[in-house]
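Chain identifiers are assigned alphabetically (A, B, ...) following the order of the sequence lines, protein sequences preceding nucleic acid strands; residue numbering begins at 1 within each chain.
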Amino acid sequence: MISTHPQTTSELLAKARALTSMSVGELARLWQVPIPADLHKSKGWMGQLLELVLGTTSGNKPQPDFAELGIELKTIPITPLGRPLESTFICSAPLTQTLGLTWRNSPVYQKLKKILWVPIITAPKTQILSERTVGTAMLWEPSEEEEQLLQADWEELMEMITLGQIAQITAHHGTYLQLRPKAAHARALCKAIGEDGEPISTLPRGFYLRAQFTQQILQHDKRR
DNA sequence: TGCTGATCATGA
DNA sequence: TCATGATCAGCA
């Protein structure tokens, strides 16, 4: 089966909604994608399957998955009750040259401003991949209130990075947006700002949405 | 058992 | 190394 790139937002949403209740095994068969035994060594597999099915246009370039529509695609494993099993990676965090960076022109905001969420109903986490099913996809844009909350977290974290306090940042910081390691392994280091403004080597970090926040998004949208 | 910190695959 | 896609694994 061949996917065409969706031309409009409504076409994309309709396409995603048409997948509701389909099993992962069914999708993989239709698109002739081999199913891994588990996701241990194929962590991005689910996301890549949906990219194929929905016909994303961007590959692994630093731009929205549907560049023309300005929409980012995120697959999120949820329990049958709608609780996300994982936090959601947004983008890597700039650790140097952060002065002058503002919320609205930050990579975090650019990623978050329009997201197509595709829930994958997964229960329990050990459930065989092919038996998981697609939930109801939804298009989300942050409300004013949500944006303010995210911006506050972002500003707190970015200030710490800029002031050379990255070593003190843990995943406990940030109410809805957190900063965590994002690396191939512990030896993958990058440059950051040290306590006295000197360059230091540290683990690359990424911004993540807490599962609690994602849950609110998904629940809120159901009431519309 | 939820969450943090660590990790896996792939392409340029 | 850094971008894309995330989930794993063990501790609190």
Side-chain angles (χ1 to χ4, degrees), chain A residues 3 16 24 27-28 31 33-67 71-97 106-108 110-112 115-129 132 134-135 153 157 160 166-192 199-216:
Chain A
S3 294
V24 169
L27 285 182
W31 271 267
V33 176
I35 307 178
D38 57 58
L39 295 179
H40 188 169
K41 299 226 167 167
S42 313
K43 296 184 180 180
W45 185 82
M46 197 63 81
Q48 282 157 359
L49 176 62
L50 269 295
E51 285 187 343
L52 183 64
V53 170
L54 292 175
T56 58
T57 56
S58 298
N60 73 341
K61 295 192 288 285
Q63 59 180 259
D65 295 301
F66 300 97
I71 295 174
E72 182 71 20
L73 172 66
K74 288 290 177 194
T75 57
I76 174 76
I78 63 171
T79 69
L81 294 178
R83 187 178 196 294
L85 292 170
E86 300 288 349
S87 51
T88 303
F89 173 72
I90 302 304
C91 61
S92 56
L95 302 183
T96 57
Q97 299 171 343
S106 72
V108 175
Q110 294 303 316
K111 287 276 185 184
L112 290 180
I115 293 183
L116 178 69
W117 295 98
V118 179
I120 304 295
I121 300 169
T122 305
K125 219 166 155 179
T126 53
Q127 181 184 27
I128 184 167
L129 271 186
R132 299 180 186 182
V134 180
D153 284 340
L157 292 165
M160 290 184 75
I166 189 167
Q168 294 150 47
I169 301 178
T170 72
H172 295 286
H173 289 82
T175 311
Y176 298 107
L177 191 67
Q178 59 179 178
L179 196 72
R180 306 219 307 270
K182 162 66 172 173
H185 47 73
R187 282 88 63 204
L189 299 177
C190 68
K191 292 298 174 196
I200 60 169
S201 283
T202 188
L203 215 49
R205 313 299 166 95
F207 285 105
Y208 293 78
L209 288 182
R210 291 183 182 280
Q212 186 191 106
F213 184 79
T214 313
Q215 177 167 20
Q216 284 177 31

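- Counting non-hydrogen atoms under 4.0 angstrom, Cys190(A) reaches the backbone sugars and phosphates but no base.
- As a whole-Å value, the separation of Leu52(A) CG from dA6(C) P is 13 Å.
- Residue-level contact check: Glu72(A) touches the backbone only, with heavy atoms under 4.0 Å from sugar-phosphate atoms and none from bases.
- Taken to the nearest 0.5 Å, the CZ atom of Arg210(A) stands 12.5 Å off from the OG1 atom of Thr88(A).
- At a threshold of 4.0 angstrom between heavy atoms, the contacts of Lys191(A) with the nucleic acid are absent.
- The main-chain N or O of Ala123(A) is found under 3.5 Å from a side-chain atom of Gln127(A) such that the two form a donor-acceptor pair.
- Under the 3.5 Å distance criterion, the side-chain polar atoms of Thr57(A) are matched with a main-chain donor or acceptor of Ala67(A).
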Under 4.0 Å protein heavy-atom contacts per nucleotide of nucleotides 7-12 of chain C, with B for base, S for backbone only and - for none:
BBS---

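- Here dA6(C) presents its P atom at 19 Å from CZ of Phe207(A), a figure rounded to the nearest Å.
- The residue Arg187(A) sits apart from the nucleic acid: no heavy atom pair falls under 4.0 Å.
- Taking the C1' atoms of five terminal pairs at each end of the helix from dT1(B)-dA12(C) to dA12(B)-dT1(C), the two resulting helix axes are inclined by 30°, rounded to 10°.
- Glu51(A) has its CD atom 11 Å from the C1' atom of dA6(C), to the nearest Å.
- Ring planes of Tyr208(A) and Phe89(A): perpendicular class, angle over 60° (limits at 30 and 60°).
- Side-chain N/O atoms of Gln178(A) include one lying less than 4.0 angstrom from OP1 or OP2 on dT4(B).
- Leu129(A) has its CG atom 13 Å from the C1' atom of dA6(C), to the nearest Å.
- Put simply, the side chain of Ile90(A) reaches to within 4.5 Å of the side chain of Leu112(A), judged on heavy atoms.
- Counting atom types as modelled, Lys182(A) pairs a side-chain N or O with a base atom of dG5(C) as donor and acceptor under 3.5 Å.
- The only option from Thr75(A), Leu116(A), Asp65(A), Ile71(A) that meets the side-chain contact (heavy atoms from CB on, under 4.5 Å) definition with Leu54(A) turns out to be Leu116(A).
- Side-chain polar atoms of Gln178(A) and Arg180(A) form a donor-acceptor pair below 3.5 angstrom.
- Following rounding to the nearest Å, Gln63(A) (CD) and dT4(C) (P) show an atom-to-atom distance of 10 Å.
- What separates CD1 of Ile115(A) from P of dA6(C) is a distance of 10 Å, to the nearest Å.
- Per the geometry, NE2 belonging to His173(A) stands 12 Å off P belonging to dT4(B), to the nearest Å.
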Which side-chain N or O atoms in residues 43-51 of chain A pair as donor and acceptor under 3.5 Å with protein atoms at least two apart or in another chain?
unit_1: Trp45(A); atom_1: NE1; unit_2: Pro34(A); atom_2: O; d: 3.3

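- Under a cut-off of 6.0 angstrom, the local environment of CD in Gln97(A) is sparse, with at most 12 non-hydrogen atoms contributed by other residues, nucleotides or ligands.
- To the nearest angstrom, C1' of dG5(C) lies 13 Å from CD1 of Ile90(A).
- Of all non-hydrogen atoms in Ala186(A) and Leu189(A), the two that sit nearest each other are O-CD2, 4.0 Å.
- Within the nucleic acid shown, Ala211(A) has no heavy atom closer than 4.0 Å to any nucleic acid atom.
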